[in-house]
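Reviewing the structure listed below.
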Amino acid sequence: MKVAIVGAGIAGPTLAYWLSQYGHEPTLIEKAPRLRTGGYVVDFWGGGYAVAERMGLSAELHATGYAVQEVRLVDRNSRRVGGFSAEVFRGNLNGRFVTIPRGDLAAIIYRSIEHRTETLFGESISAITQHDSGVRITLERGGSRQFDLLIGAGGIHSPVRDLAFGPESEFLTDLGYRVAAFETEGYQPRDELVYLAYTMPGRMIARFAMDDEKTLFLFVFTADRMGEADPRDVSQVKTVLHQVFGDAGWECPEILRRLDGAPDVYFDRASQIVMDRWSDGRVALIGDAAAAVSLLAGEGAGLAMVQAYVLAGELNRAGPDHQDAFRRYEQQLRPIVEARQRSARGFASMFAPKTALGLWTRNQASRLLNIPRLAQWVVRSEFRDDITFPEYAA
(Lines give C-alpha, C1' and ligand atoms only; values in the text may rest on other atoms or scores of the structure.)
Protein backbone atom coordinates (compact mmCIF):
# COMPACT_ATOMS: atom_id res chain seq x y z
CA MET A 1 0.00 0.00 0.00
CA LYS A 2 0.95 3.63 -0.48
CA VAL A 3 0.64 5.34 2.90
CA ALA A 4 0.96 9.09 3.57
CA ILE A 5 2.26 9.89 7.06
CA VAL A 6 1.95 13.52 8.17
CA GLY A 7 4.60 14.30 10.78
CA ALA A 8 8.31 13.41 10.86
CA GLY A 9 8.82 13.43 14.62
CA ILE A 10 8.97 10.12 16.46
CA ALA A 11 5.73 8.29 15.61
CA GLY A 12 5.85 9.03 11.87
CA PRO A 13 9.36 7.75 11.06
CA THR A 14 8.83 4.72 13.32
CA LEU A 15 5.69 3.84 11.37
CA ALA A 16 7.54 4.42 8.09
CA TYR A 17 10.28 2.02 9.22
CA TRP A 18 7.90 -0.83 9.98
CA LEU A 19 5.72 -0.27 6.91
CA SER A 20 8.87 -0.41 4.76
CA GLN A 21 9.88 -3.64 6.51
CA TYR A 22 6.59 -5.15 5.34
CA GLY A 23 7.02 -3.96 1.75
CA HIS A 24 4.65 -0.98 1.80
CA GLU A 25 5.46 2.49 0.43
CA PRO A 26 5.30 5.22 3.08
CA THR A 27 5.68 8.92 2.29
CA LEU A 28 6.47 11.34 5.12
CA ILE A 29 5.08 14.88 4.97
CA GLU A 30 6.65 17.37 7.38
CA LYS A 31 5.76 21.05 7.75
CA ALA A 32 9.21 22.04 9.02
CA PRO A 33 11.85 22.73 6.34
CA ARG A 34 14.18 20.16 7.88
CA LEU A 35 14.23 17.58 10.63
CA ARG A 36 13.51 19.23 13.97
CA THR A 37 16.35 19.11 16.50
CA GLY A 38 16.80 20.00 20.15
CA GLY A 39 13.83 20.16 22.49
CA TYR A 40 13.49 18.95 26.05
CA VAL A 41 15.06 15.69 27.25
CA VAL A 42 12.95 12.57 27.73
CA ASP A 43 13.48 9.48 29.84
CA PHE A 44 13.18 6.55 27.47
CA TRP A 45 12.32 3.05 28.67
CA GLY A 46 9.63 0.38 28.56
CA GLY A 47 7.59 -0.33 25.44
CA GLY A 48 9.29 2.30 23.31
CA TYR A 49 12.69 0.96 24.28
CA ALA A 50 11.59 -2.54 23.25
CA VAL A 51 10.51 -1.25 19.82
CA ALA A 52 13.83 0.58 19.42
CA GLU A 53 15.66 -2.67 20.24
CA ARG A 54 13.73 -4.44 17.47
CA MET A 55 14.82 -1.66 15.11
CA GLY A 56 18.47 -2.16 16.12
CA LEU A 57 18.74 1.33 17.64
CA SER A 58 19.51 0.69 21.32
CA ALA A 59 23.31 1.02 21.03
CA GLU A 60 23.00 4.37 19.24
CA LEU A 61 20.48 5.59 21.79
CA HIS A 62 22.92 4.97 24.63
CA ALA A 63 25.83 6.45 22.68
CA THR A 64 23.84 9.64 22.04
CA GLY A 65 21.90 9.87 25.30
CA TYR A 66 22.91 10.32 28.92
CA ALA A 67 23.17 7.98 31.89
CA VAL A 68 21.77 10.42 34.46
CA GLN A 69 23.16 9.73 37.92
CA GLU A 70 20.92 11.84 40.13
CA VAL A 71 17.70 13.84 40.34
CA ARG A 72 18.47 16.67 42.77
CA LEU A 73 15.89 19.07 44.23
CA VAL A 74 17.28 22.30 45.70
CA ASP A 75 16.11 25.45 47.47
CA ARG A 76 16.91 29.06 46.53
CA ASN A 77 20.36 28.70 48.15
CA SER A 78 21.13 25.53 46.14
CA ARG A 79 20.85 23.37 49.25
CA ARG A 80 19.56 19.85 48.59
CA VAL A 81 15.97 19.43 49.82
CA GLY A 82 15.06 16.21 48.04
CA GLY A 83 15.88 13.88 45.18
CA PHE A 84 17.18 10.39 44.53
CA SER A 85 19.73 8.36 42.62
CA ALA A 86 18.74 7.58 39.03
CA GLU A 87 20.21 4.12 39.52
CA VAL A 88 16.81 3.39 41.08
CA PHE A 89 15.40 3.28 37.54
CA ARG A 90 18.36 1.87 35.66
CA GLY A 91 18.89 -1.01 38.07
CA ASN A 92 15.25 -2.03 38.26
CA LEU A 93 14.85 -1.76 34.47
CA ASN A 94 17.92 -3.90 33.76
CA GLY A 95 19.79 -0.99 32.19
CA ARG A 96 17.09 -0.50 29.54
CA PHE A 97 16.73 3.18 30.40
CA VAL A 98 18.34 6.27 28.85
CA THR A 99 17.80 10.03 28.99
CA ILE A 100 17.95 11.62 25.55
CA PRO A 101 16.93 14.92 23.90
CA ARG A 102 13.69 14.36 22.03
CA GLY A 103 15.16 15.79 18.83
CA ASP A 104 18.10 13.37 18.99
CA LEU A 105 15.73 10.43 19.43
CA ALA A 106 13.74 11.57 16.40
CA ALA A 107 16.95 11.98 14.34
CA ILE A 108 18.16 8.46 15.18
CA ILE A 109 14.84 6.98 14.06
CA TYR A 110 14.75 9.07 10.89
CA ARG A 111 18.27 8.07 9.85
CA SER A 112 17.11 4.45 9.80
CA ILE A 113 14.66 5.24 6.95
CA GLU A 114 15.87 8.40 5.20
CA HIS A 115 17.42 6.62 2.19
CA ARG A 116 14.40 4.43 1.51
CA THR A 117 11.45 6.68 2.33
CA GLU A 118 10.21 9.69 0.38
CA THR A 119 10.04 12.77 2.64
CA LEU A 120 8.39 16.05 1.70
CA PHE A 121 9.92 18.69 4.00
CA GLY A 122 8.42 22.18 4.15
CA GLU A 123 5.03 20.80 3.16
CA SER A 124 1.65 20.35 4.81
CA ILE A 125 -1.85 19.35 3.77
CA SER A 126 -4.88 21.59 3.35
CA ALA A 127 -7.63 19.15 2.42
CA ILE A 128 -8.51 15.45 2.57
CA THR A 129 -10.93 13.67 0.24
CA GLN A 130 -11.76 10.02 0.93
CA HIS A 131 -13.30 7.64 -1.60
CA ASP A 132 -13.75 3.89 -2.03
CA SER A 133 -10.29 3.19 -3.45
CA GLY A 134 -8.13 5.65 -1.53
CA VAL A 135 -7.64 9.10 -0.08
CA ARG A 136 -6.56 12.22 -1.94
CA ILE A 137 -4.68 14.94 -0.09
CA THR A 138 -4.26 18.53 -1.24
CA LEU A 139 -0.82 20.00 -0.52
CA GLU A 140 -0.36 23.53 0.79
CA ARG A 141 2.33 24.32 -1.79
CA GLY A 142 0.13 23.15 -4.64
CA GLY A 143 -0.99 19.95 -6.26
CA SER A 144 -2.45 16.81 -4.77
CA ARG A 145 -1.42 13.20 -4.16
CA GLN A 146 -3.33 9.92 -4.05
CA PHE A 147 -2.67 7.29 -1.34
CA ASP A 148 -4.31 4.16 -0.02
CA LEU A 149 -4.21 5.40 3.58
CA LEU A 150 -3.43 8.61 5.47
CA ILE A 151 -1.92 8.55 8.98
CA GLY A 152 -1.75 11.62 11.20
CA ALA A 153 1.44 11.63 13.26
CA GLY A 154 1.79 15.39 13.62
CA GLY A 155 1.71 15.60 17.40
CA ILE A 156 -0.74 17.27 19.72
CA HIS A 157 -1.52 20.00 17.15
CA SER A 158 -2.15 17.49 14.35
CA PRO A 159 -3.39 19.02 11.07
CA VAL A 160 -4.79 15.63 9.98
CA ARG A 161 -6.91 15.45 13.12
CA ASP A 162 -8.22 18.97 12.47
CA LEU A 163 -9.21 18.11 8.90
CA ALA A 164 -10.60 14.60 9.43
CA PHE A 165 -12.01 14.62 12.97
CA GLY A 166 -12.63 18.22 14.01
CA PRO A 167 -10.90 21.16 15.72
CA GLU A 168 -8.34 20.59 18.47
CA SER A 169 -10.58 22.25 21.06
CA GLU A 170 -12.97 19.27 20.89
CA PHE A 171 -10.30 16.84 22.10
CA LEU A 172 -7.82 18.84 24.18
CA THR A 173 -7.76 18.63 27.98
CA ASP A 174 -5.67 21.39 29.54
CA LEU A 175 -3.90 20.14 32.70
CA GLY A 176 -3.41 23.69 33.96
CA TYR A 177 0.36 23.98 33.44
CA ARG A 178 2.57 25.70 30.87
CA VAL A 179 5.99 24.40 29.84
CA ALA A 180 8.92 26.18 28.18
CA ALA A 181 12.46 25.12 27.32
CA PHE A 182 15.61 26.54 25.73
CA GLU A 183 19.32 25.76 25.35
CA THR A 184 22.37 27.92 25.94
CA GLU A 185 26.15 27.39 25.78
CA GLY A 186 28.78 27.90 28.46
CA TYR A 187 26.46 28.15 31.46
CA GLN A 188 27.98 27.54 34.90
CA PRO A 189 27.58 25.58 37.11
CA ARG A 190 27.00 22.40 35.11
CA ASP A 191 26.52 19.54 37.59
CA GLU A 192 27.22 16.83 35.01
CA LEU A 193 24.70 13.97 34.76
CA VAL A 194 22.47 15.59 37.38
CA TYR A 195 18.90 16.64 36.64
CA LEU A 196 18.67 19.63 38.99
CA ALA A 197 15.41 21.41 39.81
CA TYR A 198 14.46 24.43 41.89
CA THR A 199 10.76 24.63 42.80
CA MET A 200 8.51 27.21 44.40
CA PRO A 201 4.74 26.80 44.82
CA GLY A 202 3.35 26.75 41.29
CA ARG A 203 6.73 27.24 39.59
CA MET A 204 9.69 25.04 38.72
CA ILE A 205 12.87 25.61 36.76
CA ALA A 206 15.31 22.79 36.01
CA ARG A 207 18.62 22.52 34.22
CA PHE A 208 20.52 19.67 32.65
CA ALA A 209 24.09 19.80 31.31
CA MET A 210 24.49 18.33 27.83
CA ASP A 211 27.38 17.72 25.45
CA ASP A 212 29.30 20.55 23.73
CA GLU A 213 29.00 22.81 26.80
CA LYS A 214 25.26 23.17 26.29
CA THR A 215 22.73 23.41 29.11
CA LEU A 216 19.02 22.76 28.71
CA PHE A 217 16.55 24.69 30.88
CA LEU A 218 12.99 23.59 31.52
CA PHE A 219 10.30 25.86 33.00
CA VAL A 220 7.00 24.54 34.39
CA PHE A 221 4.38 26.80 35.97
CA THR A 222 0.67 26.97 36.64
CA ALA A 223 -1.39 28.66 33.95
CA ASP A 224 -2.89 31.15 36.40
CA ARG A 225 0.51 32.89 36.67
CA MET A 226 0.15 34.38 33.19
CA GLY A 227 -2.52 36.17 31.19
CA GLU A 228 -5.53 34.43 29.72
CA ALA A 229 -3.97 34.06 26.27
CA ASP A 230 -0.87 31.97 25.58
CA PRO A 231 2.06 33.83 23.98
CA ARG A 232 2.09 33.73 20.17
CA ASP A 233 5.79 34.12 19.39
CA VAL A 234 9.27 33.79 20.93
CA SER A 235 9.33 37.41 22.10
CA GLN A 236 6.07 37.00 23.98
CA VAL A 237 7.23 33.71 25.51
CA LYS A 238 10.33 35.45 26.87
CA THR A 239 8.19 38.23 28.32
CA VAL A 240 5.95 35.68 30.09
CA LEU A 241 8.94 33.81 31.55
CA HIS A 242 10.39 37.08 32.87
CA GLN A 243 7.04 37.88 34.50
CA VAL A 244 6.70 34.44 36.09
CA PHE A 245 10.31 33.85 37.19
CA GLY A 246 11.68 37.39 37.55
CA ASP A 247 11.35 37.34 41.36
CA ALA A 248 12.16 33.64 41.85
CA GLY A 249 15.71 34.01 43.13
CA TRP A 250 18.22 31.13 42.91
CA GLU A 251 19.99 31.23 39.50
CA CYS A 252 17.01 32.79 37.74
CA PRO A 253 18.55 36.23 37.00
CA GLU A 254 21.37 34.63 35.00
CA ILE A 255 19.06 32.07 33.40
CA LEU A 256 16.69 34.82 32.25
CA ARG A 257 19.65 36.79 30.89
CA ARG A 258 20.63 33.73 28.84
CA LEU A 259 17.01 33.35 27.77
CA ASP A 260 17.07 36.83 26.23
CA GLY A 261 19.84 35.72 23.86
CA ALA A 262 18.23 32.42 22.86
CA PRO A 263 17.12 32.31 19.20
CA ASP A 264 14.46 29.70 19.84
CA VAL A 265 12.28 28.86 22.86
CA TYR A 266 9.89 25.93 23.08
CA PHE A 267 6.50 26.69 24.68
CA ASP A 268 3.29 24.71 25.01
CA ARG A 269 0.47 23.74 27.31
CA ALA A 270 0.73 20.59 29.38
CA SER A 271 -2.32 18.94 27.90
CA GLN A 272 -3.83 15.68 26.72
CA ILE A 273 -5.72 14.60 23.64
CA VAL A 274 -8.74 12.43 24.46
CA MET A 275 -10.74 10.94 21.57
CA ASP A 276 -13.45 8.30 21.35
CA ARG A 277 -11.98 6.91 18.11
CA TRP A 278 -8.59 7.02 16.42
CA SER A 279 -9.66 6.30 12.86
CA ASP A 280 -12.21 7.38 10.29
CA GLY A 281 -12.45 5.52 6.99
CA ARG A 282 -8.95 5.50 5.48
CA VAL A 283 -7.52 7.97 7.99
CA ALA A 284 -5.98 7.05 11.35
CA LEU A 285 -4.02 8.82 14.08
CA ILE A 286 -1.01 7.71 16.14
CA GLY A 287 1.13 9.18 18.90
CA ASP A 288 0.17 12.49 20.47
CA ALA A 289 -2.22 13.19 17.59
CA ALA A 290 -4.43 10.35 18.83
CA ALA A 291 -3.85 10.29 22.58
CA ALA A 292 -1.25 12.65 24.03
CA VAL A 293 -0.52 11.78 27.65
CA SER A 294 1.11 15.23 28.18
CA LEU A 295 4.79 16.10 28.00
CA LEU A 296 4.98 15.95 31.82
CA ALA A 297 4.03 12.27 31.83
CA GLY A 298 7.46 11.14 30.65
CA GLU A 299 6.42 8.33 28.30
CA GLY A 300 4.86 9.98 25.25
CA ALA A 301 7.78 9.17 22.94
CA GLY A 302 7.78 5.51 23.91
CA LEU A 303 4.02 5.16 23.52
CA ALA A 304 4.22 6.78 20.08
CA MET A 305 6.73 4.14 18.98
CA VAL A 306 4.55 1.35 20.38
CA GLN A 307 1.51 2.68 18.51
CA ALA A 308 3.52 2.88 15.27
CA TYR A 309 4.82 -0.67 15.66
CA VAL A 310 1.39 -2.16 16.37
CA LEU A 311 -0.40 -0.18 13.64
CA ALA A 312 2.13 -1.25 11.00
CA GLY A 313 1.94 -4.87 12.11
CA GLU A 314 -1.85 -4.92 12.07
CA LEU A 315 -1.99 -3.30 8.63
CA ASN A 316 0.35 -5.94 7.29
CA ARG A 317 -1.58 -8.75 8.98
CA ALA A 318 -4.98 -7.53 7.76
CA GLY A 319 -4.00 -7.22 4.10
CA PRO A 320 -6.58 -5.13 2.20
CA ASP A 321 -8.91 -4.85 5.23
CA HIS A 322 -7.47 -1.65 6.69
CA GLN A 323 -10.56 -1.04 8.84
CA ASP A 324 -9.97 -4.32 10.68
CA ALA A 325 -6.33 -3.30 11.19
CA PHE A 326 -7.39 0.08 12.60
CA ARG A 327 -9.88 -1.63 14.92
CA ARG A 328 -7.34 -4.15 16.25
CA TYR A 329 -4.70 -1.44 16.68
CA GLU A 330 -7.01 0.67 18.81
CA GLN A 331 -8.42 -2.31 20.69
CA GLN A 332 -4.93 -3.35 21.83
CA LEU A 333 -3.57 0.05 22.79
CA ARG A 334 -6.47 2.16 24.03
CA PRO A 335 -6.53 0.55 27.54
CA ILE A 336 -2.77 1.10 27.92
CA VAL A 337 -2.89 4.71 26.74
CA GLU A 338 -5.92 5.61 28.85
CA ALA A 339 -4.21 4.19 31.95
CA ARG A 340 -1.15 6.35 31.24
CA GLN A 341 -3.35 9.39 30.80
CA ARG A 342 -5.04 8.83 34.16
CA SER A 343 -1.67 8.45 35.84
CA ALA A 344 -0.30 11.56 34.13
CA ARG A 345 -3.14 13.76 35.36
CA GLY A 346 -1.99 13.12 38.91
CA PHE A 347 1.71 13.15 38.14
CA ALA A 348 1.74 16.61 36.51
CA SER A 349 1.39 18.36 39.87
CA MET A 350 4.63 16.73 41.09
CA PHE A 351 6.65 19.09 38.89
CA ALA A 352 5.28 22.28 40.40
CA PRO A 353 3.09 21.65 43.47
CA LYS A 354 0.69 24.54 43.95
CA THR A 355 1.17 25.00 47.72
CA ALA A 356 4.08 25.13 50.16
CA LEU A 357 2.71 22.01 51.88
CA GLY A 358 2.46 20.20 48.56
CA LEU A 359 6.03 21.17 47.74
CA TRP A 360 7.33 19.95 51.11
CA THR A 361 5.43 16.67 50.71
CA ARG A 362 6.84 16.16 47.20
CA ASN A 363 10.40 16.75 48.44
CA GLN A 364 10.05 14.32 51.34
CA ALA A 365 8.45 11.68 49.13
CA SER A 366 11.35 11.92 46.68
CA ARG A 367 13.79 11.04 49.48
CA LEU A 368 11.96 7.75 50.05
CA LEU A 369 13.19 6.55 46.65
CA ASN A 370 16.64 6.21 48.22
CA ILE A 371 15.31 3.26 50.24
CA PRO A 372 16.13 0.27 47.98
CA ARG A 373 13.11 -1.95 48.67
CA LEU A 374 10.65 0.92 48.46
CA ALA A 375 12.29 2.23 45.29
CA GLN A 376 12.09 -1.20 43.71
CA TRP A 377 8.37 -1.41 44.47
CA VAL A 378 7.68 2.09 43.07
CA VAL A 379 9.57 1.47 39.83
CA ARG A 380 7.97 -1.91 39.25
CA SER A 381 4.47 -0.66 39.96
CA GLU A 382 4.59 2.76 38.31
CA PHE A 383 7.35 2.72 35.69
CA ARG A 384 7.96 -0.84 34.60
CA ASP A 385 6.29 -1.10 31.22
CA ASP A 386 5.58 -4.74 30.46
CA ILE A 387 3.60 -4.33 27.26
CA THR A 388 3.27 -7.69 25.53
CA PHE A 389 3.92 -7.15 21.84
CA PRO A 390 2.35 -9.28 19.13
CA GLU A 391 4.83 -10.94 16.78
CA TYR A 392 4.21 -9.74 13.25
CA ALA A 393 5.62 -11.78 10.36
CA ALA A 394 7.14 -9.82 7.48
Side-chain angles (χ1 to χ4, degrees), residues 35-44 61-87 89-90 97-108 177-200 203-221 231 234-235 237-268 270 295-296 298 300-301 350-352 363 366:
L35 201 64
R36 300 175 190 269
T37 59
Y40 50 90
V41 295
V42 298
D43 293 326
F44 190 65
L61 289 174
H62 284 277
T64 303
Y66 301 88
V68 175
Q69 300 299 304
E70 179 189 357
V71 174
R72 186 185 304 165
L73 308 177
V74 300
D75 65 13
R76 65 187 300 121
N77 297 311
S78 294
R79 293 177 300 204
R80 188 194 312 267
V81 294
F84 50 89
S85 168
E87 190 57 36
F89 297 96
R90 212 164 10 256
F97 177 93
V98 63
T99 298
I100 187 169
R102 198 177 193 279
D104 289 351
L105 173 60
I108 289 171
Y177 291 86
R178 300 295 181 265
V179 180
F182 80 98
E183 292 180 9
T184 190
E185 293 185 10
Y187 185 87
Q188 295 292 336
R190 283 181 59 79
D191 296 292
E192 303 282 352
L193 299 180
V194 174
Y195 188 88
L196 191 144
Y198 166 56
T199 314
M200 305 137 284
R203 295 178 286 176
M204 185 209 77
I205 184 166
R207 58 172 165 82
F208 182 71
M210 302 193 298
D211 294 338
D212 302 321
E213 294 298 313
K214 293 180 180 178
T215 298
L216 172 71
F217 293 96
L218 176 70
F219 304 82
V220 180
F221 57 96
V234 171
S235 176
V237 171
K238 292 179 179 180
T239 297
V240 166
L241 293 177
H242 273 276
Q243 292 172 348
V244 175
F245 291 90
D247 64 347
W250 188 55
E251 299 172 8
C252 289
E254 176 60 15
I255 293 171
L256 293 174
R257 189 182 73 80
R258 295 297 188 107
L259 170 71
D260 290 337
D264 188 37
V265 183
Y266 170 87
F267 180 89
D268 207 348
L295 52 84
L296 297 181
M350 296 295 289
F351 283 83
N363 292 345
S366 72

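Here, residue 1 is the first one in the sequence, and each next residue gets the next number.
Put simply, CZ on R80 and CG on L196 are 9.0 Å apart, with the number rounded to the nearest 0.5 Å. Atom CG of L61 sits about 5.0 Å away from atom CD1 of I100, to the nearest 0.5 Å. Once rounded to the nearest 0.5 Å, the distance linking CG of D247 with CZ of R203 reads 4.5 Å. Atom CD in E70 sits 8.5 Å away from atom CG in D191 (nearest 0.5 Å). Note that the CZ atom of F84 and the CZ atom of R72 stand 12.5 Å from one another [nearest 0.5 Å].
Under the 4.5 Å side-chain criterion, counting only non-hydrogen atoms from C-beta, S366 is not in contact with M350. At least one side-chain heavy atom of V240 sits under 4.5 Å from a side-chain heavy atom of F221. Residues I255 and R207 are not in side-chain contact: their nearest non-hydrogen atoms beyond the backbone lie 4.5 Å or more apart. Side-chain contact between L241 and F182 is absent, with no heavy atoms from C-beta onward closer than 4.5 Å. Between Y66 and P101, the closest side-chain pair of non-hydrogen atoms falls below 4.5 Å. Within the 4.5 Å cutoff, side-chain heavy atoms of E213 are placed close to those of R190. Annotation: side chain of F267 is not in contact with side chain of K238 (no heavy-atom distance under 4.5 Å). Residues V68 and F208 have side chains in contact (heavy-atom distance under 4.5 Å, counting atoms from C-beta outward).
A side-chain contact (heavy atoms from CB on, under 4.5 Å) with Y195 holds for exactly one of T99, D43, L218; it is L218.
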* To do: Give the intermediate values and the outcome of side chain to side chain contact (heavy atoms under 4.5 Å, CB included) for residues H242 and D260.
  => CA-CA 9 Å; H242 273 276; D260 290 337; 2.7 Å; yes

* Between M200 and W250, is a side chain to side chain contact (heavy atoms under 4.5 Å, CB included) present by the stated rule, with each step listed? -> CA-CA 11 Å; M200 305 137 284; W250 188 55; over 6 Å; no

* Derivation of the side chain to side chain contact (heavy atoms under 4.5 Å, CB included) call for V41 and M210 -> CA-CA 10 Å; V41 295; M210 302 193 298; 4.1 Å; yes

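Taking both residues in full, the closest heavy atoms of A352 and V220 are given as CB-O, 4.1 Å, listed atom of the first, atom of the second, then distance. Closest of all the heavy-atom pairs between H62 and F97 is CE1-O, 3.6 Å. Considering every non-hydrogen atom in both G186 and R258, the closest pair reads O-NH2, 3.4 Å.
Outside the 6.0 Å centre-distance limit, the rings of F351 and Y177 are not counted as a close aromatic pair.
Listed for the Y198 side chain is a donor-acceptor partner under 3.5 Å among the backbone atoms of A248.
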